[in-house]
Amino acid sequence: MAGAGKGFYSWKARDAVGITYIAVPTPGLRPDTSLPELENTLAKSDPISRAIASDEIADYRTYQDKTWIIRVYDLLWREIGELGDDVMEMTGTDPRNAVPTATIKIKGGSEYAQTFMNCQNTMVGITVETGGMRLAYYVDSFDWEFNKDEWVGTIHCLGIWDILNYLQIWPNWLLPIQTQIPGRAIFIWGIRTVIVSMVAQASLRIQRGLWEWINNMFSLNPDIRAWFGSLLESNHYLYDRLKTPIYVSGVNPLLDTSPIVARTVRMESCGTVIQDITRAYGITVTVDLWLPGDEQPDIYTQTNPALRLYQPTYVVKCTDRSQIVGPTGTVIDSVLRTIVDLIGSFFGEMGWMIQTVPGMQGKFTSPMLGVNYVVPWAVIVAPDPGDKGSVSTCKISFHTQKGWQHIIGGRSPKWLNDLFNFIFGWILDAISILFGFIGIPSSIFDGFLANSFLAFQLIEHYGRRHAFGPYHPCIEVMHPTSSAPYNVETLFAFFNAFWDSRGYTSGQFVFRDGEVYKLGTDIFKGGLVSLVYDGRKRILTDYIENVMFRFTPDARDVLVQVGDGKAEEAPLAKHQRFISGVLEAVNTVTMAPQSG
């Protein structure tokens, strides 16, 4: 790649490794037949030739590279070598919107043991490549153990996604730490724009080092090198430093069709906020390692030379995999999706106006408004006893309801308690004046009858009561609160309580990667997958929550977990967070006192 040697790190020509793709013959496929030739045959030939070409294309595309390559890197992501036959066993997970992990057991005679031991002094990087995937990790710890008359090393790795847990969101990223006005950072827009903005702000603050000298000097850091740390580390390539180690793939706010969220943040990590605001949406945030020789990661770096990457970079991308699309392909879709979701959360299905996504509770569409659900490409059929399929394990759980009558509260409104205190104090003062008593404090009855009136609020779900009959033990549930009921907040609390206590179906299933669908080609981490089960009469749709792999000298397995086996969050909970976020934003802008 042109310019691969440019940058502030000492990359040599051998470090810029390109990737060459070659055609791999498969059974039934002539070695001299290329994929374009087969596609041409499929388009123009006679029916018999088209049928043969179709089968050969299917064989060609379902070929799965079983090769696993585990590479070791230094602190600048320069390759040191491959572990190769040193690996005894490797297991790992790649969860959605969380830190991937991997555990690698190596032979005691490995030449890289000393490298891993040095993880306490410098960063040691590891990549795992298989089937078109590259998973990047850093060594968190290394165990050097003597057992059964031999030394064995165990490498505990964490994914580079972990960098998001160590990027703090400042109230104002443009100002030094000593002056943070306003008191909270405000993010209101489509959730993809919000996530991209907060990560970009936090990473640019670190990578530009603008106020670094003020932050350290006024914090009494005696190490003067730290005052100019970013400048010293840039090696005279200041502009490249702005893109290293993190490059955030941009999102056009006007074309962001993801649901609208509102969140104020004060010194929380990007990882914590991402996990909090994405739990109710089909949003996947990935952190991938880009190395010189790879294709540029997005349209911006491909078309804008100023944004082109030259150094090893952590590329952050935010993708909406909810499969719900709007009519315009612009930010207007965000508004429509939010409106449809809010109406559906309150009233449920409303015929042709509001419909529930098949197999997904709490997700709504509106064909009338052009908000539609695109059925996932991947539909897995659970095998019946005796059948063979790609499904490794499958568990569907059906849960009964937990109460048809709910009570919320515990405290009377403050104005009512104050009114009682005033009345009893006035009565006591009147009696003292009437009978000439003195020295009796008027506040002696303060608190009398406090929290006795309007302290509790009750709602019965008659439909649930009728459906489950009079003998179901789960009747009444109390939700104690520290605030008074009979307000909008309590109304939301009732909606959430009835949702959380409903009868529901949850599940999770694991299938083998590459047997029917290929991870990274047909399906993606965080994407939707549907499972058809019970003789193809029922369907469960959920997100790919985790990718698990296991590597041994005898096994090469990649398993994909769909669903987490837990109940979905109440649909109104996300709207309650949105309203709370807007109110917090207003308080922040108006400099109103913050409670709590």
Side-chain angles (χ1 to χ4, degrees), residues 3 5-12 15 73-78 80 114-125 136-142 158 160-185 197-248 265-273 287 289-292 306-316:
K6 178 180 179 293
F8 56 90
Y9 290 148
S10 301
W11 276 81
K12 299 180 181 179
D15 298 315
Y73 297 81
D74 66 6
L75 75 164
L76 300 181
W77 284 105
R78 295 174 298 198
I80 298 175
Q114 296 295 326
T115 300
F116 297 128
M117 291 179 186
N118 200 35
C119 69
Q120 63 178 338
N121 300 315
T122 187
M123 193 200 81
V124 180
Y137 303 88
Y138 72 94
V139 177
D140 182 54
S141 64
F142 178 66
L158 296 178
I160 58 175
W161 200 97
D162 199 31
I163 197 171
L164 298 179
N165 290 327
Y166 292 90
L167 286 177
Q168 308 303 316
I169 304 171
W170 291 15
N172 192 331
W173 67 290
L174 296 172
L175 294 178
I177 191 71
Q178 288 79 10
T179 305
Q180 289 295 298
I181 300 175
R184 305 180 73 87
S197 298
M198 64 175 58
V199 176
Q201 291 177 10
S203 58
L204 277 176
R205 174 179 54 80
I206 295 292
Q207 291 163 192
R208 67 176 182 163
L210 180 59
W211 298 109
E212 205 166 41
W213 65 282
I214 289 182
N215 293 333
N216 282 276
M217 182 175 62
F218 283 93
S219 296
L220 306 180
N221 186 350
D223 188 352
I224 298 181
R225 295 174 302 174
W227 299 9
F228 310 99
S230 296
L231 185 64
L232 294 174
E233 291 293 308
S234 67
N235 198 20
H236 308 299
Y237 291 98
L238 297 179
Y239 186 74
D240 283 340
R241 179 63 186 169
L242 295 178
K243 299 176 289 182
T244 308
I246 299 173
Y247 169 79
V248 181
V265 186
R266 181 180 174 86
M267 291 300 182
E268 296 180 70
S269 72
C270 291
T272 299
V273 177
V287 182
L289 174 64
W290 183 93
L291 293 175
L307 296 178
R308 186 176 293 272
L309 303 182
Y310 298 101
Q311 306 297 329
T313 306
Y314 300 154
V315 178
V316 179

[X] [atom1] to [Y] [atom2] distance, which is reported to the nearest 0.5 Å:
X	Y	atom1	atom2	result
I169	R184	CD1	CZ	11.0 Å
S230	W211	OG	CH2	14.0 Å
S203	L242	OG	CG	10.0 Å
L174	I181	CG	CD1	13.0 Å
L75	N121	CG	CG	11.5 Å
I224	M217	CD1	CE	10.5 Å

Over all atoms of both residues, closest heavy-atom pair of [X] and [Y]:
X	Y	answer
R266	G183	NH1-O, 2.6 Å
C119	V139	CB-CG1, 3.9 Å
Q180	N172	OE1-N, 2.8 Å
R208	W173	NH2-O, 2.9 Å
Y310	W290	C-CZ3, 3.9 Å
P171	P182	CB-O, 3.3 Å

Holding to salt bridge (charged side-chain N to carboxylate O under 4.0 Å, His left out), I want the full list of residues that pass it with D140, two or more places apart in sequence or in another chain. none

Can a side-chain donor-acceptor contact be found between T244 and Q311 if the only test is distance below 3.5 angstrom? no

Are [X] and [Y] packed together at the side-chain level, in the sense that at least one heavy-atom pair is separated by less than 4.5 angstrom?
X	Y	answer
L167	I246	yes
Q207	P245	yes
W170	I177	yes
V316	Y247	no
S269	L164	no

side-chain hydrogen bond (donor to acceptor under 3.5 Å, both in side chains) contacts touching residues 160-169 (sequence neighbours left out): Y138-D162, D162-N165

Pairs in or reaching into residues 216-229: which pass side-chain hydrogen bond (donor to acceptor under 3.5 Å, both in side chains), with residues at least two apart or in two chains? Q178-S219, N216-N221, D223-R225

Set of ring-ring contact (aromatic ring centres under 6.0 Å, His included) partners for Y137, sequence neighbours left out: none

Under the rule for ring-ring contact (aromatic ring centres under 6.0 Å, His included), what residues qualify as partners of Y73, not counting sequence neighbours? W77

Sequence-distant partners of T115, side chain to side chain donor-acceptor pair (under 3.5 Å), two or more places apart: none

